[in-house]
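Below: one structure, written as structure tokens.
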Amino acid sequence: MTITEPTVDVTAPIEHTKLLIDGEFVDSLDGSTFDTINPSNGEVITQVALGSAADVDRAVAAARQAFDHGPWPRMKPSERAAALWRLGDLLLADAAEMGRIETLDQGKPYSLATAGDVPSAAGLFHYMSGFATKLEGSVIPISAPGEYHTYTRREALGVVGLIVPWNFPLVITSWKMAPALAAGNTVVLKPAEATPLSALRLGQLCLEAGIPPGVVNVVNGYGPTVGQRLAEHPLVDKVSFTGSTATGRRILDAAKGNLKRVTLELGGKSANIIFPDADIEAAIAGSSAGIFFNAGQACAAASRLYVHDDVYDEVVAGMAEKARQIKVGDGFDPQTEIGPVASLEHFERVSGYLDVGKNEGEVVTGGARIGEKGYFIEPTIFAGAAPDARIVKEEIFGPVVVANRFKDIEEVVAQANDTRYGLASGVWTKDIATAHRTAARLQAGTVWVNSYGVFDPSMPFGGMKESGWGREMGHDVMHDYTDVKTVCVRIDG
Ligand code: NAD
């Protein structure tokens, strides 16, 4: 299927702004709404129904009914696979509108939303649809006295709560929803309050794909009300969350009431290491994209740069040159390479770190806001900060990288691992032994070598240490959305 280049009407009305519960778009119980804002100009895009704990309760009831009595977990696996494949196709066919919504709400370049985020989400549904027919158990030869036929079944968990952030609203939703649905679970999705629109449109496409009512429910609203209720709900069997480590801890607390399963994909402060024998041009380009892509709002962003002394000046000068050339602007401007950060609140947070960075280190380039309107921030490189500086330790989640020097592999591995996070890392070298030795020693869920930020539905992604629990994507994710049942049958009498 190909994506045709559309003409964008930025002002066209948004079709879906209510809650999706049991296959119907409905107002919230108390009728309240909230504004969703375009971060490129600070203007209201539209009003969206604002859910409450009571709305979560009715969405969970619908998902519970759909799981306990509905066709979705009971249908032939091939039928479930076909519906998910259709959903992937519908997403591709909808790239123009889905991309428009994502750019309006999140700020990212329209070209990236349509040619990156939407096909990536579609690819997740296509890839994960195949697992519906491949959730196999095993036959186990046991040694207990007697004769037995013993086997395992891999079964869906039940109702899964999905709580997602605002940096890749559609993509991160698909990371969770695609495997959850492939296994036969039903879901209640809480989009981030800054970016609710693409989730609602995805909900509509789920219905069009033939996914039965009640299987996918969407409740917009705030974290402490809607998110909290979903995480603590006694009839929810699992919660899968992506966002900050602080909120991850709150989710864990909330989930303990019924000991629901928890997947946490949390923050990062990823080390990107450039050895002196690297292809320097490729390392500069890859490291720049690794931090500035999506305005640095990526959990795996290459936010700590470690460059060998011999090539430090060349690499930092090259990255500064690239940073100054990046076109930052409105996502609908075809020239734009990176958009604004996603909300006023986040803009203030990143701006605060720019002030902290100016005290803790030197500004190589950037360090300021761009323009008076919208939440645009200059691609920024700091250098010379101490290892325990806040800009080295804390996740900024903006277009801000901190450059550091190293002399040898021992020193850089120690520095790279000197963080509470463990999400991702980059290694740039032409030496195969250095590549593998370093990759083995880095405490990170993903290590990219001579590349950065490569994602694929087949590659497991997730964190070590305080970057989280569990994995998204790949075969491994199916363990996080299913349980194993052992059936032991006595057959000798
Ligand atoms: P957050 O973690 O608070 O929000 C993410 C999601 O969790 C949103 O849907 C939010 O409504 C929900 N949420 C918030 N409080 C909740 C609660 N008590 N119970 C249940 N759900 C709750 O993120 P934020 O405040 O929007 O951003 C703060 C920082 O988090 C960012 O600056 C960044 O460092 C980090 N972050 C990381 C990722 C990531 O991909 N790992 C994504 C977004 C933000």
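Counting starts at 1 for both ligands and their atoms, in listed order.
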Task: side chain to side chain contact (heavy atoms under 4.5 Å, CB included) partner of V60, chosen from T186, I21, L235, N217 - done: L235
Could you give the N/O to N/O pairs under 3.5 Å linking ligand 1 and the protein, each with its distance?
{"unit_1": "ligand 1", "atom_1": "2 (O)", "unit_2": "S244", "atom_2": "N", "d": "2.8"}
{"unit_1": "ligand 1", "atom_1": "2 (O)", "unit_2": "S244", "atom_2": "OG", "d": "2.8"}
{"unit_1": "ligand 1", "atom_1": "2 (O)", "unit_2": "T247", "atom_2": "OG1", "d": "3.2"}
{"unit_1": "ligand 1", "atom_1": "3 (O)", "unit_2": "T247", "atom_2": "OG1", "d": "2.9"}
{"unit_1": "ligand 1", "atom_1": "9 (O)", "unit_2": "V164", "atom_2": "O", "d": "2.8"}
{"unit_1": "ligand 1", "atom_1": "9 (O)", "unit_2": "K190", "atom_2": "NZ", "d": "3.2"}
{"unit_1": "ligand 1", "atom_1": "11 (O)", "unit_2": "K190", "atom_2": "NZ", "d": "2.8"}
{"unit_1": "ligand 1", "atom_1": "11 (O)", "unit_2": "E193", "atom_2": "OE1", "d": "2.6"}
{"unit_1": "ligand 1", "atom_1": "11 (O)", "unit_2": "E193", "atom_2": "OE2", "d": "3.4"}
{"unit_1": "ligand 1", "atom_1": "11 (O)", "unit_2": "G223", "atom_2": "N", "d": "3.3"}
{"unit_1": "ligand 1", "atom_1": "19 (N)", "unit_2": "G223", "atom_2": "O", "d": "3.4"}
{"unit_1": "ligand 1", "atom_1": "19 (N)", "unit_2": "Q228", "atom_2": "N", "d": "3.4"}
{"unit_1": "ligand 1", "atom_1": "26 (O)", "unit_2": "W166", "atom_2": "NE1", "d": "2.5"}
{"unit_1": "ligand 1", "atom_1": "32 (O)", "unit_2": "R349", "atom_2": "NH1", "d": "2.4"}
{"unit_1": "ligand 1", "atom_1": "34 (O)", "unit_2": "E395", "atom_2": "OE1", "d": "2.8"}
{"unit_1": "ligand 1", "atom_1": "40 (O)", "unit_2": "N167", "atom_2": "ND2", "d": "3.3"}
{"unit_1": "ligand 1", "atom_1": "41 (N)", "unit_2": "G243", "atom_2": "O", "d": "3.4"}
{"unit_1": "ligand 1", "atom_1": "41 (N)", "unit_2": "L266", "atom_2": "O", "d": "3.0"}

TODO: Check the pair I273, F406 against side-chain contact (heavy atoms from CB on, under 4.5 Å), reporting the backbone distance first and the verdict last.
DONE: CA-CA 9 Å; I273 302 169; F406 72 91; 3.8 Å; yes
- [ ] For the pair F34 and Y222, name the ring-plane relationship: parallel under 30°, tilted 30 to 60°, perpendicular over 60°.
- [x] tilted
TODO: If a pair satisfies side-chain hydrogen bond (donor to acceptor under 3.5 Å, both in side chains) and one of its residues is in residues 369-380, list it, with sequence neighbours excluded.
DONE: none
TODO: State which residues pass side-chain contact (heavy atoms from CB on, under 4.5 Å) with N258; sequence neighbours excluded, sorted by chain then number.
DONE: K260
Open item on the list: Tell me which pairs pass ring pair (Phe, Tyr, Trp, His ring centres under 6.0 Å) where either residue lies in residues 440-462, with sequence neighbours left out.
Closed with: W175-F455, W175-F461, W448-Y452, W448-F455, F455-F461
